[in-house]
Amino acid sequence: PKPQTPNPKPQTPNPLFTNADKLIKIIFKQIEFEFKRKLLLAAIMELDDAQYRIKYILVGSPFVGKSSIIWRFTRDSFIEDYKSTLGVEFATKNIKLSDNSVVKAQIWDTAGHELYRSVTKSYFRNIAIALLVFDLGKSDSLMNLESWLKEIKTIASDKVTLVLVGNKLDLDDDITVDLAMARRFAEENGMQFFEASAKTGQNISSIFARSAEEVMQKVKDGVVDPSNDTHGVKSLGLAHSLNNLKRKSTIFIQKKCCR
């Protein structure tokens, strides 16, 4: 008789592969945790002290210093050879008001060249504050604001806050604009008027703070409605940040499942 073949011993799992599998699962759980942690952190960072977001726009002729005003306000610095804006750009900064509340300024910088005029006009909708900027050393830059003002009044909400800004106050003896005419232009159109210098920083913060104060007073008086997109003011808070977190999570999940 043939000798019986012994039954093969059951294979035992290789401890190396078993441990590797456990390690992979731990790593993936850690990655998932880190992703959720970073999403939450991003939402918390958005949930800063700001209760409202206020949308600004700056308009005016080329080279009057619109971009320099924004740069000074948001970064507290000045660039001598600032390149002309192409199309539209934007920046943000929080503003602390006199009642210690905080608003987030969303500031849109527009190109002054006629080539971009049609693009610029499309951004007049849904703004809360329009800064009309001219060069104190160029009288024609003040006169050119009449056409910008007309377009803003035609396109923007009638609740918009208007501010006239004479930039380059540091020019001193080179100031050629008739300031009495500028003040009259501001008064006739219900505008605040500031003489300022992006180069030295004079009055730059006041422009944004005082215009924001005026807008928030309109909110308190019921003139500006934060739920109306055309008024350029949006309420921020916990619900806003949690909805943002939910949106980002949904986008991530969709990308993961559709690869």
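Numbers for residues simply follow the sequence, beginning at 1.
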S.K.: Under a 4.5 Å side-chain heavy-atom rule over Ile, Leu, Val, Met, Phe, Trp and Tyr, are L169 and L132 clustered together?
M.R.: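 Same cluster.
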S.K.: Using every non-hydrogen atom in the two residues, find where S197 and I204 come nearest and quote the distance to one decimal.
M.R.: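 Distance-wise, the nearest heavy atoms are O-CG1, 3.6 Å.
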S.K.: Hydrophobic cluster membership, with links at side-chain heavy-atom distances under 4.5 Å among I/L/V/M/F/W/Y: are I129 and L97 in one?
M.R.: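 I129 clusters together with L97.
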S.K.: Are F134 and L171 connected in a single hydrophobic cluster, I mean Ile/Leu/Val/Met/Phe/Trp/Tyr linked by side-chain heavy atoms less than 4.5 Å apart?
M.R.: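 In one cluster with L171: F134, yes.
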S.K.: So, do K234 and Y52 sit near enough that their side-chain heavy atoms are less than 4.5 Å apart?
M.R.: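 Answer no - side chains too far apart.
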S.K.: How close do L145 and G60 get, heavy atom to heavy atom, and via which atoms?
M.R.: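 Between these two residues, the closest heavy atoms are CD2-CA, 3.9 Å.
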S.K.: Is there a path of hydrophobic side-chain contacts, each under 4.5 Å between heavy atoms of I, L, V, M, F, W or Y residues, that connects F78 with I70?
M.R.: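 Unlinked, F78 and I70 end up in two clusters.
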S.K.: Starting at NZ of K159, measure out to CD1 of I127 and round the result to the nearest 0.5 Å.
M.R.: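 It comes to 14.5 Å.
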S.K.: May I ask you to check whether S61 and N144 show a side-chain donor-acceptor distance below 3.5 Å?
M.R.: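 Looking only at side-chain atoms, N144 and S61 do form a donor-acceptor pair, the distance falling under 3.5 Å.
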S.K.: Could you grab the distance from atom CD of E214 to atom CZ of R210, nearest 0.5 Å is fine?
M.R.: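 If we round to the nearest 0.5 Å, E214:CD and R210:CZ are 9.5 Å apart.
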S.K.: In this structure, which one of V163, V165, L131 forms a side-chain contact (heavy atoms from CB on, under 4.5 Å) with Q192?
M.R.: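 Result: among V163, V165, L131, V163 is the only option passing the side-chain contact (heavy atoms from CB on, under 4.5 Å) with Q192.
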S.K.: May I have the step-by-step check of side-chain contact (heavy atoms from CB on, under 4.5 Å) for I69 and V133, ending in yes or no?
M.R.: CA-CA 9 Å; I69 288 173; V133 184; 3.8 Å; yes
S.K.: List the atom of I95, the atom of A212, and the distance in Å for their closest heavy-atom pair.
M.R.: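 I95 and A212 have their closest heavy atoms at CD1-CB, 4.3 Å.
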S.K.: Rounded to the nearest 0.5 Å, how far apart are CZ of R125 and CD1 of I152?
M.R.: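 Reported to 0.5 Å precision, the distance equals 13.0 Å.
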S.K.: Could you check S98 against E213 for side-chain contact (heavy atoms from CB on, under 4.5 Å), going step by step and ending with a plain yes or no?
M.R.: CA-CA 8 Å; S98 58; E213 294 272 9; 3.0 Å; yes
S.K.: So which pairs with a foot in residues 168-178 pass salt bridge (Lys or Arg N to Asp or Glu O under 4.0 Å), sequence neighbours left out?
M.R.: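 Checked against salt bridge (Lys or Arg N to Asp or Glu O under 4.0 Å) - neighbours excluded - the pairs reaching residues 168-178 are D135-K168.
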S.K.: State, to 0.1 Å, how close H231 and D225 come at their nearest heavy-atom pair, and which atoms those are.
M.R.: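 Minimum heavy-atom separation between H231 and D225: ND1-N, 2.9 Å.
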S.K.: Walk me through it: do F124 and V59 pass the test side-chain contact (heavy atoms from CB on, under 4.5 Å)?
M.R.: CA-CA 10 Å; F124 290 170; V59 300; 3.6 Å; yes
S.K.: So which pairs with a foot in residues 67-76 pass salt bridge (Lys or Arg N to Asp or Glu O under 4.0 Å), sequence neighbours left out?
M.R.: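 Applying salt bridge (Lys or Arg N to Asp or Glu O under 4.0 Å) to every pair that reaches into residues 67-76, excluding sequence neighbours, yields R72-D76.
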S.K.: Just to verify, which of L142, L179, V64 counts as forming a side-chain contact (heavy atoms from CB on, under 4.5 Å) with L136?
M.R.: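 It is L179; the other options fail the test.
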S.K.: Please test S211 against Y56 for side-chain contact (heavy atoms from CB on, under 4.5 Å), starting from the C-alpha separation and ending with a verdict.
M.R.: CA-CA 10 Å; S211 56; Y56 289 73; 3.4 Å; yes
S.K.: For residues E146 and W148, is any side-chain donor paired with an opposing acceptor at under 3.5 Å?
M.R.: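 On atom types as modelled, these side chains do not qualify, holding no pair under 3.5 Å.
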S.K.: So how far is it from K104 NZ to N94 CG, rounded to the nearest 0.5 Å?
M.R.: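 Here the interatomic distance stands at 4.0 Å.
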S.K.: With side chains defined as the heavy atoms from C-beta onward, is the minimum distance between W108 and L58 less than 4.5 Å?
M.R.: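 No, their side chains stay 4.5 Å or more apart.
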S.K.: Just by distance, no angles: are the side chains of N167 and K66 close enough, under 3.5 Å, to form a donor-acceptor pair?
M.R.: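 Side chains of N167 and K66: no pair found under 3.5 Å.
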S.K.: To the nearest 0.5 Å, what is the distance between CD on Q217 and OG1 on T161?
M.R.: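 So the CD of Q217 and the OG1 of T161 are separated by 11.0 Å.
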S.K.: Considering non-hydrogen atoms only, spot the tightest contact between F193 and G166 and give its length.
M.R.: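 Closest pair (atom of F193, atom of G166, distance): CE1-N, 4.1 Å.
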S.K.: How close do N203 and A196 get, heavy atom to heavy atom, and via which atoms?
M.R.: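 N203 and A196 have their closest heavy atoms at CB-CB, 4.0 Å.
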S.K.: Do V160 and L149 share a hydrophobic cluster, counting only Ile, Leu, Val, Met, Phe, Trp and Tyr and linking them when any side-chain heavy atoms are less than 4.5 Å apart?
M.R.: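 Both belong to a single hydrophobic cluster.
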S.K.: Do S235 and Q51 pair up side chain to side chain, a donor and an acceptor below 3.5 Å, judged on atom types alone?
M.R.: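 Per modelled atom types, S235 and Q51 side chains form no pair under 3.5 Å.
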S.K.: Got a salt bridge between K55 and D229, using NZ or NE/NH1/NH2 to carboxylate O under 4.0 Å?
M.R.: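 Looking at K55 and D229, the cut-off is not met.
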S.K.: Could you give the distance from CG (N126) to CD1 (I155), rounded to the nearest 0.5 Å?
M.R.: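 Between atom CG of N126 and atom CD1 of I155 there are 11.5 Å.
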S.K.: Quick one: does any side-chain atom of T176 pair with a main-chain N or O of G137 as donor and acceptor, under 3.5 Å?
M.R.: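 A pair under 3.5 Å: yes.
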S.K.: Mark yes or no: K93 above the aromatic ring of F73, with NZ or CZ under 6.0 Å from the six-membered ring centre and no more than 45 degrees from the axis.
M.R.: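 Pair K93/F73 counts as cation-pi.
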